[in-house]
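Naming: A, B, ... by sequence-line order, numbering from 1 per chain. What's counted below: heavy atoms across the whole structure, side chains too, no hydrogens, waters or symmetry copies.
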Amino acid sequence: MSEEHHKLESQRRENRGQVEAAGLYPYGLREDGLLTSRQVRDLHSDEADTRAAELTKAAKEGGPAGEDPRALVRFAGRVMLLRDNGKLLWLTLRDHEGDLQVAVSQKDCAPEGFALAKCTDLGDVVIAHGRVMKTRTGEITVWASALKPAAKCLVPPPEKHSGLQDVELRYRQRYVDLWANPETMQAARLRSRIVSRVRRFMEERGYLEVETPMLQTLAGGAAARPFVTHMNALDIKLFMRIAPELYLKRLLVGGMPRVFEINRNFRNEGLDKQHNPEFTMLEAYHAFGDVETVMELTEGIVRDAAAFVAGERAAPAGHAPPAEVVLPFGDLSINYSRPFDRVTYGQLFEKAWGFSMRDAQQVRDALLRLHPGLAARVNTMDHWLMVNELFEEKAERLVDPSRPTFITDYPAAISPLTRPKRDDPTLADRADLFIAGMEVAPHYTELNDPDVQEAKFREQLQGVSAEKNAEEQTFRTFDHDFVRALKVGMPPAGGMGLGIDRLVMLLTDQRTIRDVLLFPMMRPEV
RNA sequence: GAGGGUGUAGCUCAGUCGGUAGAGCAGCGGCCUUUUAAGCCGUAGGUCCGGGGUUCGAGUCCCCGCGCCCUCACCA
């Protein structure tokens, strides 16, 4: 079974044989009562060290042997550094919280433990039992009375000073990156705690967390290309969901007043710094609310999460928390304490182009100047499509990236699934939150008139068949059950979707989505 | 999709004008009971991403391909 191994691996296999030869099982056994490196550090006491020294001295002079006052601990970690002085070995072990030194001396450690230390390789996981003390040079150290194997590392570890630098290897072998580069572990833990914090924020405001299908017979709720799969038992085509929206709304129909889901969506599209094919979204619906209700919700979530991260950073205890929460993102300093800016789509448009988005003639002329090639089509093109073209060209960029900003009052024509404003049906009750140029969260007053919804579905289908894309036709389907649900009656509601990955990027100053995902999508290895 | 960068030992990286493939760390053999990237002595380690070309000679120059990173575009 064993083929040829790399030389360095073979040597490690031989060392594993030596562990067995010492009568130990290289892959370890259950160990209760383990402390983390931080807990061990906290248990150290200078006073205990002093008393221990006095006891030793007294014992030498023939006095009674007292109980060692220093804490006795069990600690497990991966061997990061190993200094072999012959009869005394120094091991630097690392766990998820940090590094801790362990000393294994021939005199004080059980013989199997000393033998183990002698054949340990960098990267092995070991368990140390011992007293917490401080060395002459002031380093908190576990002076081992026993050392046990927990796992053999057969693979040569990364270079000990620089860690694992190769970006591709870091993503592909996250299991190495996590222990070789402590920042990676920190980032992963911070993400987890941010998500947990967001969850608690929602729950405290009466939102019920639910889980809705990820395998769907129709991939609705957003305009995106889905992943297609097949279910054997029923012999049907299934789609990975692109959004949970239509299911969450069904729950409002059923009478749930406030619901949210934090989970994965799948979109069969390109990869870049802001897009991974599977990504995590918080989607929330608030019955008897509207777009304003959920804008306030998002602002609260983002501010709370930012304050949490800022608090984590201002680690030194005793310092008063800063009056304002300001977090860096690249060159930007983003202030999350101030009320988020608001600007209407129309205002931004006018600021960018110098005329109203309702001025059909000027819109057409400007678009022609921008894209002369469109001359033939410009007379038949929808006015609002042209407006949006111009908007994306110049207006979006006018938003100050360092100020979280809601863009409100989008044209209804480009927001097909949103309820038009009561006082101006050409505008939609929709607002998008932008931070640092990233679209972080859209907000809507949800459509709940079944007849309008049905018409929109139909319109969308026609829009697709009008284009030549036959493939799209196969997954843009009319969701009859959703219309049926609306016929039963869905209360008016506000809904929003917050990109969790992007939120974490912003709060943790990571420029690429891959650095906030533990296992980003990668091309398969050859 | 276009442009730029990059690929050398297990890891991190040098490699000049085209002239025998290098360092540090890790490894291996020794010595060492207070080290801190431990130290000292000795030693081994290469498909220079792949293929083709130019040349007496290619890690280096040229062409094709592949992976990864960055920028832009597209898609949403």
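With ring centers used as reference points, A:Phe406 lies under 6.0 Å from A:His443.
Across all strands shown, the partner of B:rC13 is B:rG22, judged by Watson-Crick or G-U wobble contacts whose two distances both fall under 3.5 Å. Nucleotide B:rC32 forms no Watson-Crick or G-U wobble pair with any nucleotide shown, as no partner meets the under 3.5 Å limit on both distances.
Contacts between residues 382-397 of chain A and RNA chain B, defined by a heavy-atom separation below 4.0 Å, involve no residue at all.
Checked by distance alone, A:Glu139 brings no side-chain donor or acceptor within 3.5 Å of a matching partner on the base of B:rU35. Applying the 3.5 Å distance criterion, the base of B:rU34 shares no donor-acceptor pair with the side chain of A:Arg136.
Comparing B:rU34, B:rC69, B:rA38 by their nearest atom to the side chain of A:Thr135 picks out B:rU34. Side-chain proximity of A:Arg172 to B:rU35, B:rC68, B:rG10: nearest is B:rC68. Nearest to the side-chain atoms of A:Leu164 among the listed nucleotides B:rC13, B:rC11, B:rU71 stands B:rC11.
Here, B:rA21 and B:rU8 have their C1' atoms 9 Å apart, quoted to the whole Å. One C1' atom belongs to B:rG39, the other to B:rU34, and the distance between them is 14 Å to the nearest Å. The C1' atoms of B:rG7 and B:rG50 are separated by 11 Å, rounded to the nearest whole Å.
In terms of modelled atom types and a separation under 3.5 Å, the side chain of A:Arg502 and the main chain of A:Met438 share no donor-acceptor contact.
Scanning for side chain to side chain contact (heavy atoms under 4.5 Å, CB included) contacts around A:Arg369 gives A:Asp365, A:Ala366, with sequence neighbours left out. Scanning for salt bridge (Lys or Arg N to Asp or Glu O under 4.0 Å) contacts around A:Asp99 gives A:Arg94, with sequence neighbours left out. Applying the side chain to side chain donor-acceptor pair (under 3.5 Å) rule to A:Tyr345 yields the partners A:Asn388; only residues at least two apart in sequence or on another chain are considered. Applying the side chain to side chain donor-acceptor pair (under 3.5 Å) test to A:Asp166 and every residue at least two apart in sequence or in another chain returns nothing. Remark: A:Asp68 pairs with A:Arg70 by the side chain to side chain donor-acceptor pair (under 3.5 Å) rule, at least two apart or across chains. Take A:Ser45 and apply the side chain to side chain donor-acceptor pair (under 3.5 Å) test, not counting sequence neighbours, and it matches no residue. Contacts of A:Asn263 classified as side chain to side chain contact (heavy atoms under 4.5 Å, CB included), with partners at least two apart in sequence or in another chain: A:Met214, A:Arg241, A:Glu261. A search for ring-ring contact (aromatic ring centres under 6.0 Å, His included) contacts involving A:Phe457 returns A:Phe478, not counting sequence neighbours.
With rounding to whole Å, A:Gln165 atom CD is found 15 Å from B:rC69 atom P. One interatomic measurement links the two molecules: NE2 of A:His275 to P of B:rA73, which rounds to 13 Å at whole-angstrom precision. When rounded to the nearest whole Å, the span between CD of A:Glu168 and P of B:rC68 equals 6 Å. For the pair A:Leu271 CG and B:rC74 P, the interatomic distance rounds to 18 Å; values are reported in whole Å. To the nearest angstrom, P of B:rU12 lies 11 Å from CZ of A:Arg170. Going from atom CG of A:Leu169 over to atom P of B:rG7 covers 15 Å, rounded to whole Å. Atom pair A:His6:NE2 and B:rU47:C1' shows a separation of 13 Å (rounding to whole Å applied).
Among the heavy atoms of the strands, none lies under 4.0 Å from A:Glu14.
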Atom pairs and distances, donor-acceptor, side-chain atoms in residues 14-22 of chain A, under 3.5 Å, two or more places apart:
from    : atom 1 : to       : atom 2 : distance (Å)
A:Asn15 : ND2    : A:Asp121 : OD1    : 2.9
A:Asn15 : ND2    : A:Asp121 : OD2    : 3.0
A:Arg16 : NH1    : A:Tyr27  : OH     : 3.0

Show me the protein contacts with nucleotides 2-5 of chain B, counting only N or O atoms at under 3.5 Å.
none

List, with names and distances, any nitrogen or oxygen atoms from the protein found under 3.5 Å away from nitrogen or oxygen atoms belonging to nucleotides 23-33 of chain B.
from   : atom 1 : to       : atom 2 : distance (Å)
B:rC25 : O3'    : A:Lys160 : NZ     : 3.4
B:rA26 : OP1    : A:Lys160 : NZ     : 2.6
B:rG27 : O2'    : A:Gln11  : OE1    : 2.1
B:rG27 : O2'    : A:Gln11  : NE2    : 3.2
B:rC28 : OP1    : A:Asn15  : ND2    : 3.4
B:rC32 : N3     : A:Asp84  : O      : 3.1
B:rC32 : N4     : A:Asp84  : O      : 3.3
B:rU33 : OP1    : A:Lys87  : NZ     : 3.4
B:rU33 : OP2    : A:Asn85  : O      : 3.2
B:rU33 : OP2    : A:Lys87  : N      : 3.2
B:rU33 : O4     : A:Lys107 : N      : 3.3

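An OP1 or OP2 oxygen of B:rC69 is reached within less than 4.0 angstrom by a side-chain nitrogen or oxygen of A:Arg514.
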